[in-house]
Asks: 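What follows is a single structure, and I will ask about it in a moment.
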Amino acid sequence: MSEYVVEMEHVDKRFPGVHALDDVSFQLRPGEVMALLGENGAGKSTLMKVLGGVYQRDAGTVRVFDREVGDLTPKLAQELGIAMIHQELNMCTQLSVAENIFLGRELARNGLLSNREMHRRSREVLDRLKIDIDPDTVVGDISVSKQQMVEIAKALQANAKILIMDEPTSALTAKEIEDLFAIIRLLRSEGHGIVYISHRLEELQHIVDRVTIMRDGKFICAMDYADATMDMIIENMVGREIKEKFPHVECGRGRKLFEVRHLNAGRMVRDINFELYEGEIVGIAGLMGAGRTEITRAIFGVDPSASGEITLEGKPVRIVKAEDAIRSGIVLAPEDRKRDGLCTKLSVRENIALPNLDLLCNAAGVVNRRRESEMVRKTIAGFSVKLTGPEMIAGNLSGGNQQKVVVGKWLARDSKVVIFDEPTRGIDVAAKVEIYHLMNRLKRNGIGVLFVSSEMPEVLGMADRIIVVCDGRITGVFPRSEATQTKVLEYAMKFENKSDRLEVAGR
Amino acid sequence: MEARGNPIKRLFAIRGMGQVLTVTLGLIVLCIVFSFLNPLFLSGRNIANLSRQIVPILLVGISQSYVLITGNIDLSIGSVLGMSCMISATLMTKGVGPWLSVALTVVSCLVIGLINGVLVAKCKLPPFIATLGTMTIARGIAQIANNNYNTDAIGDAAQGFRDFFYYGRVLGIYSPVILAAALWLVFNFLLGRTRTGRHIYAVGSNIEASRLSGVNVNRTVIIAYLVSAFCAGVVGLMTTATSGMGAMDAGNMYEMYAVAASVIGGVSTLGGQGILLGTVIGAAIWSVLQNGLQFAGAPVAIRNIVIGSIVIVSVLLDIVIRSGRWSFRSKKIS
């Protein structure tokens with residue numbers, strides 16, 4: 001009998017263009033809480049999805065309770081006693097707590113649902129976890145933290161012995177985190193193995209026994225938490241090799257172009273202040289869910305902001321909807337090009353003309369074809385978009401060329417600030433370099449570039465100034481010369497100390 | 001299980017009951033208003049009449065409710081009804097025994113339901129398109145059944161059939177009312193008290209969560225469409241029994257009446273919500289409106305406009321209430 005409940009060895013997984021897991025090993029003992037740590041894209045979630053049967057591994061062995069298992073499906077993983085508590089909760093919000101706990105495994109006698117029995121057993125498992133909810137409550141009516149606890153209850157009711165929690169505390173308040181930790185400690189004492197994925201290093205001291213660190217899809221190290229220091233952990237998390245060369249260019253910083261003061265919009269955008277000068281690229285770095293995208297959306301007017309002032313070339317601008325931002329010269333190249341950035345079924349010509357129809361139409365709303373084709377020709381030539389002709393369908397362009405069209409359509413109208421949200425996600429290296437050149441060109445032309453990315457090397461390589469965000473707040477601003485990976489990561493993990501008040505007794 | 005207060009509180013504790021009771025209040029108000037407009041509205045004869053008028057709407061309402069709760073829609077209900085009417089009548093005029101005709105008719109309706117279910121669940125067709133297609137096909141079958149003619153009278157041999165589905169009475173209650181009540185009890189039980197029913201709600205509420213919890217999603221959706229086609233088929237048989245012949249345009253627009261009965265009764269077009277008791281009230285409101293407006297002397301056109309408006313308002317309310325309550329928009333950004 002092995003001391004481990006889960007042993008994963010030499011696990012390999014490739015997605016098109018990405019080697020997501022490269023010869024990864026991972027072990028979990030019963031009755032321990034294992035923190036799985038790593039930067040964005042290190043492969044933590046992928047590894048756990050392999051264990052949970054969501055993804056199939058390409059190579060490697062997985063042993064669960066000393067039993068070698070082949071290809072896993074979510075159902076098979078469940079039967080083996082593995083349960084994933086998903087980051088985005090997966091519940092039927094119109095059904096009751098008890099109904100969700102027994103979903104797919106309803107108790108019935110002669111075809112008749114045994115509602116009382118299910119109610120009773122739900123109550124039992126909720127009581128065991130000291131969760132105070134009536135099993136008859138409709139799940140949509142309870143808080144996110146309670147929903148999460150119901151998911152845990154559901155896992156236990158299904159006899160799960162291995163629980164995988166992916167960023168379980170990201171949406172919780174201090175009190176709720178305390179309750180969750182109490183549950184985790186209880187499960188640990190009952191001999192469950194728990195994998196705990198989190199970016200919040202300060203939480204680890206309250207519950208974690210061991211840590212496993214991954215980087216770039218590789219296993220880096222595993223150690224007892226007692227032997228680890230924060231510095232050691234951070235050091236092992238960073239130090240990604242910088243494979244690409246970043247074509248950074250220097251050009252003198254001009255006048256102040258754009259300024260954001262005290263911008264607030266919900267929990268993920270809190271008191272954001274920064275400015276942007278001509279001839280500079282400002283990078284926004286932060287971990288997954290730090291609020292980067294939310295900040296760009298609030299600036300662009302897609303999400304309503306509660307307060308804040310935005311100044312463009314010294315003049316205040318009022319932005320309540322995206323149209324206002326576009327009119328004043330602030331444009332956004334969104335994260336998901338295919339969904340938010342382009343009409344993929346329309347031609348390149350139509351895509352370029354779309355946001356500029358006000359310039360291209362006469363008073364009656366008829367498109368001036370001559371002006372349109374002139375604009376399209378200039379944009380295509382100006383950005384050297386590679387295509388068969390302006391009538392080519394935008395969805396058939398390569399990723400890099402799509403990005404050029406997204407940006408090109410905005411610059412056809414004299415925009416002053418361009419916000420890039422994850423512009424290089426999911427495209428190959430050559431196309432990435434093209435996008436870097438594109439940003440440099442904008443920078444040289446005196447356009448302010450705001451560059452949001454979860455790839456830290458990319459931000460460090462391209463930006464003149466780096467703003468680090470965490471939990472919807474700016475935690476640090478560094479000029480290019482002072483920014484290092486370690487420093488940026490350190491500030492990216494400066495969470496508000498929600499768990500400060502927790503007693504450390506559980507350790 | 002802990003004891004829970006008085007019976008009224010227990011009644012409200014049943015999920016969806018609050019909405020049903022609200023709508024019931026509306027029904028009562030309607031009845032009072034119509035009885036003022038025309039005292040004959042509450043006469044015994046009209047009540048008996050109303051009870052029979054409700055039956056087809058209630059049954060197709062059950063059809064649509066099942067499908068709506070899974071988060072889909074069935075536009076083929078009216079055509080399946082027409083097809084059932086024409087197939088059964090044609091078979092009987094051609095000398096096939098009435099009960100064999102009934103069996104063959106039900107099977108043919110179930111085939112359409114099966115096709116709907118497979119297209120939506122397995123082939124992932126948008127339910128609107130899939131059932132729009134089968135709606136046209138089923139209507140075509142209704143027309144082809146007797147070479148593009150309505151049928152002749154089904155004759156005296158079918159008197160038992162006609163009594164069973166329309167003219168008979170037990171203890172003074174019309175047989176279609178008894179039949180509808182029996183079917184309602186069966187399908188209410190299936191939806192509320194069995195695993196299949198639970199899965200129908202779960203699939204409509206969150207299909208991905210259901211799949212990850214081991215629910216056979218495809219099977220569940222197919223069952224809902226089978227129930228839908230079955231009930232529509234029964235109404236087709238009742239239509240044949242009523243008029244004693246087959247009419248090619250029977251059931252025209254019934255898919256829409258079915259949506260009306262469902263959504264007025266609180267079944268959500270967004271899936272996962274609603275109970276069949278609500279469908280009863282919804283069907284009753286539909287019938288009372290038709291009947292009451294007729295009594296009050298309103299022309300058919302006005303009745304259509306009123307009922308159409310009520311459907312839109314019901315769905316609008318549902319969407320407003322739901323999006324106000326379970327708005328996850330801001331969560332989905334990152």
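In the text below, chain A, chain B and the rest are named by the order of the sequence lines, each starting its count at 1. Predicted model, so just to flag it, every value in this text is computed and none were measured.
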Asks: Name the orientation class of the two ring planes belonging to B/Tyr66 and B/Phe187 (parallel below 30°, tilted from 30 to 60°, perpendicular beyond 60°).
Replies: perpendicular
Asks: Identify which part of B/Ser210 has an atom lying under 4.5 Å from any heavy atom of chain A, answering side chain, backbone, both or neither.
Replies: both
Asks: Suppose the criterion is side-chain hydrogen bond (donor to acceptor under 3.5 Å, both in side chains): which pairs have a residue in residues 214-226 of chain B, not counting sequence neighbours?
Replies: none
Asks: Looking at chain A, which one of B/Arg211, B/Glu208, B/His199 has the largest number of heavy-atom pairs inside 4.5 Å, strictly under?
Replies: B/His199
Asks: Is there a donor-acceptor pair under 3.5 Å between the side chain of A/Glu99 and the backbone N or O of A/Ser96?
Replies: yes
Asks: Heavy-atom cut-off 4.5 Å, strictly under: side chain, backbone, both or neither for A/Ser114 against chain B?
Replies: neither
Asks: Among pairs that include at least one residue of residues 179-189 of chain B, which meet salt bridge (charged side-chain N to carboxylate O under 4.0 Å, His left out), considering only residues two or more places apart or in two chains?
Replies: none
